[in-house]
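Encoded as structure tokens, the structure appears first; notes follow it.
Everything numeric here is computed off the predicted structure, so don't read it as measured data. All ligand and atom numbering here is 1-based and tracks the order in the structure.
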Amino acid sequence: MAVTDKAGWTAAIDGDRLWRSLMDMARIGATPGGGVGRVALTDLDKAGRDLFVSWCKGAGLEVRIDRMGNIIGRRAGADDGAPPVVTGSHLDSQPLGGRFDGAYGVLAGLEVVRALNDAGLVTRAPLEIVNWTDEEGVRFAAGVVASGVYAGRFDLDYGLNLADREGTTTLGRELARIGYDGDALCGGYPIAAFFEAHIEQGPVLEHEGATIGAVLGAQGQRCYAVTVTGEEGHAGTLPMALRRDAMVGAARMMDGLNRLAFEFEPTPVITTGHVQVRPNSRNTVPGRVVFSIDARHPDDGVLAEICVKALDLCHGVAAEGGLQVEIAETSGRDTVTFDPDCIEAVRAAAARLGLACRDVYSGAGHDACNIQRIAPTGMIFVPCKEGISHNEREAAAAGDLAAGCQVLLEVMVARAGLA
Ligand code: HGY
Ligand code: MN
Ligand code: MN
């Protein structure tokens, strides 16, 4: 990996060591299709957390767990009272996720620390590496909730009392169950800047032959839970004309939402990815269906218009089918623009390292979208194969991952300064 050589200091990340740590982490929750399934606050997430904590301690970091279970590894600076320069991402994954989504940003931060240790360099400001709890929001419907509490977007009680999808437990109880109900303050203190390294989860960098993406921002997102209520009935005796079939109603709503997306240019992305059916029995007409809507668009006004139409569509289908429908917003975030100085720092570091870099916009949400509310924030994207993510086939090249990590080292040291 190109060495950062400026004003008499050099520090080079070790791409092989980064790759090994990614592969070691990917063994935890490895799925048959070559991905990972480390859903937040499950025992597999705990195992990944424990491994990360052991690596942090091995790298000489002081480790604390905050009230939302965020793991923070701190590397002291010469001026240790200065606000830290922070990096991080998430070790939790989708149920059939990829080996790099989230884990890359956490382990790239660790590799930066290891490289600085190898070089014997001490930064002026302290550095902190974070694993954010439950970025994906698979079990606890909000997503990026822990970085949201840290950034003051949600209050602590809301975060800890988030119920899981089955309604059987809460995020706070699960933190306690896996031993990560920390007592350190969750945010509420100044940080100098936040940088998150992440795979692009889209095709642009690969398509354009760029190694580094300087991320300008992320599109807005609105999520809902739609509850469709009809009436259970016998599959063999209830005539079709007399049915109030919640599944048929939900299916018509989902089909309509998919068609709605194509009424707009640029098209939004609308996903109805989670469905719960009651009683979920082959020979009972479903009486209740709850399904999710995840709608995203790069223009907040257009997204608001899309959501009005989406909800009207659901109410219309319900009325036609003699069904009840209740729609609750579960999470939402306006479009985010990252800090211009952080974006420029990424571009400049890539240029110094001779890496092809282009500006990109994130279709995915990230913890960085929350942290931008409280501190200058930037993201570093690297390509992933065919832009595939949230899929066991997610793949990234070791060289690209190493390059993104070297850029991360550069921008963190530039911001933290050297003793
Ligand atoms: O859904 C998202 O955008 C993120 O990958 N959790
Ligand atoms: Mn993800
Ligand atoms: Mn992610």
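- Within D101, the N, O or S atom at minimum distance from the Mn ion (ligand 3) carries the name OD1.
- W132 and F194 have perpendicular rings, their planes meeting at more than 60° on a 0 to 90° scale where under 30° would count as parallel.
- Atom numbering of ligand 1 starts at 1 in the shown order; those under 4.0 Å from a heavy atom of A364 are 3 (O).
- Atoms of ligand 1 lying under 4.0 Å from at least one heavy atom of H390, given by number and element, are 5 (O).
- Not one N, O or S atom of E135 sits under 2.8 Å from the Mn ion (ligand 3).
- Under 4.0 Å is where a charged nitrogen must lie from a carboxylate oxygen, and between R252 and E320 no such pair does.
- Contacts between R296 and ligand 1 below 4.0 angstrom, taking non-hydrogen atoms only, involve the side chain exclusively.
- If you look at H198 and ask which of its N, O or S atoms sits nearest the Mn ion (ligand 3), the answer is NE2.
- No other N/O/S atom of H390 lies as close to the Mn ion (ligand 2) as NE2 does.
- Considering backbone and side-chain N/O atoms, D101 never comes within less than 3.5 Å of an N/O atom of ligand 1.
- Residue contacts with ligand 1: D294 is placed with no nitrogen or oxygen under 3.5 Å of a nitrogen or oxygen of the ligand (distance criterion only).
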Original post:
What do the steps show when you test D118 against R114 for salt bridge (charged side-chain N to carboxylate O under 4.0 Å, His left out), and what is the final call?
Top reply: CA-CA 6 Å; D118 293 348; R114 287 169 165 170; over 6 Å; no
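- By the 3.5 Å distance cut-off applied to N or O atoms, E135 is counted among the residues near ligand 1.
- Of all atoms in ligand 1, listed by their number and element, those nearer than 4.0 Å to a heavy atom of E136 are 4 (C), 5 (O), 6 (N).
- Look at H90 and the Mn ion (ligand 3): an N/O/S atom of the residue is under 2.8 Å from the metal.
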